[in-house]
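Below: one structure, written as structure tokens.
Bear in mind that the values here come from a model prediction, so they are computed numbers and not experimental data.
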Amino acid sequence: RRTGLDEFFPPDKRVSRSNGFVETTDELLGAALRAERRTDHCVVFDNTPISATDAHEAQMKSISFVDHYAKYELTSADATFVSPREMNLMRLRTFFETQDLVVEAEVDALSTLEKKDTLTLTRYDYLEGRDG
């Protein structure tokens, strides 16, 4: 409630330690499952160096806010901000731009593969004298 994000996350999509998750990484993976998003499409907002490490272990992006730790201690995060007001949608979008290009390149590579046509003779084709 302190973050003011309640309106964006209905109660059935929220994850906390009360859901039975022991490890932080499990909690992050549970959040991705509840949000029905791939982990590489998720961002973790926190203010500790270990949260950035946990996010990266779950293959998520990490944004840290300078609070209890100095900015130089938060270098493992993908981005660091002094306050949430510094962040905007365009900055957040830049985290996923290179990722989208990689996915498009994979799709293009798969579409150029040659498809090999194979003919399977069935028992009935053999009996009728068809060789294919």
Side-chain angles (χ1 to χ4, degrees):
R1 296 186 196 292
R2 287 178 36 193
T3 60
L5 298 174
D6 288 349
E7 64 186 89
F8 300 109
F9 297 100
D12 63 322
K13 300 287 185 185
R14 296 178 196 163
V15 175
S16 67
R17 296 245 187 233
S18 64
N19 295 112
F21 296 109
V22 178
E23 299 291 324
T24 307
T25 309
D26 295 337
E27 195 174 335
L28 296 174
L29 293 172
L33 284 172
R34 284 207 179 171
E36 298 175 3
R37 297 283 181 248
R38 291 177 18 188
T39 55
D40 59 340
H41 290 180
C42 295
V43 179
V44 174
F45 298 93
D46 211 321
N47 62 354
T48 63
I50 193 70
S51 66
T53 303
D54 290 338
H56 291 149
E57 283 181 16
Q59 298 183 355
M60 296 180 175
K61 301 288 184 182
S62 173
I63 295 178
S64 291
F65 295 106
V66 177
D67 190 21
H68 299 293
Y69 293 91
K71 190 171 184 170
Y72 67 85
E73 292 180 286
L74 301 171
T75 55
S76 61
D78 295 307
T80 307
F81 297 104
V82 175
S83 76
R85 283 181 234 121
E86 288 183 12
M87 195 175 53
N88 60 31
L89 186 58
M90 292 307 292
R91 283 187 171 179
L92 188 60
R93 194 170 175 200
T94 60
F95 291 116
F96 299 103
E97 284 180 349
T98 56
Q99 179 180 344
D100 292 339
L101 294 176
V102 172
V103 172
E104 287 177 16
E106 288 176 9
V107 171
D108 288 342
L110 292 175
S111 65
T112 59
L113 293 176
E114 289 184 29
K115 293 183 180 177
K116 186 177 177 182
D117 292 330
T118 57
L119 182 61
T120 305
L121 290 177
T122 63
R123 187 178 103 177
Y124 301 107
D125 291 334
Y126 179 73
L127 292 174
E128 292 178 8
R130 288 187 231 165
D131 293 333

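Taking all atoms of both residues into account, the shortest heavy-atom contact from Gly30 to Phe21 is CA-CZ, 3.8 Å. Ala58 and Leu29 get closest at one heavy-atom pair: CB-CD2, 4.0 Å. Taking each heavy atom of Ser76 and Pro49 in turn, the nearest pair found is OG-O, 3.6 Å. When all heavy atoms of Leu74 and Thr80 are compared, the closest pair comes out as O-OG1, 3.5 Å. Contact between Arg34 and Asp12 at its shortest, heavy atoms only, is CD-O, 3.5 Å.
With sequence neighbours excluded, the residues that form a side chain to side chain contact (heavy atoms under 4.5 Å, CB included) with Gln59 are Thr39. Every residue two or more places apart in sequence or in another chain that forms a side-chain hydrogen bond (donor to acceptor under 3.5 Å, both in side chains) with Asp67 is listed here: Asn47. Partners of Lys13 under the salt bridge (Lys or Arg N to Asp or Glu O under 4.0 Å) rule, at least two apart in sequence or in another chain, are Glu36. Residues meeting the side-chain hydrogen bond (donor to acceptor under 3.5 Å, both in side chains) test with Ser18, sequence neighbours left out: Ser16. For Asp26, there are no side-chain hydrogen bond (donor to acceptor under 3.5 Å, both in side chains) partners at least two apart in sequence or on another chain.
Sparse packing is recorded around CD of Glu23, with 12 or fewer heavy atoms of other residues, nucleotides or ligands lying under 6.0 Å away.
Within the model, atoms CG of Asp46 and CD1 of Ile63 stand 11.5 Å from one another, a figure rounded to the nearest 0.5 Å. One finds the OG1 atom of Thr48 at 9.5 Å from the NE2 atom of His68 (value rounded to the nearest 0.5 Å).
Between Asn19 and Glu27, every side-chain heavy-atom pair lies at or beyond the 4.5 Å cut-off.
The aromatic rings of Phe65 and Phe81 lie tilted to each other, with the angle between the two planes from 30° to 60°.
Taking Ile, Leu, Val, Met, Phe, Trp and Tyr as hydrophobic and joining them when side-chain heavy atoms fall under 4.5 Å apart, one finds Val44 in a cluster with Leu28, Met60.
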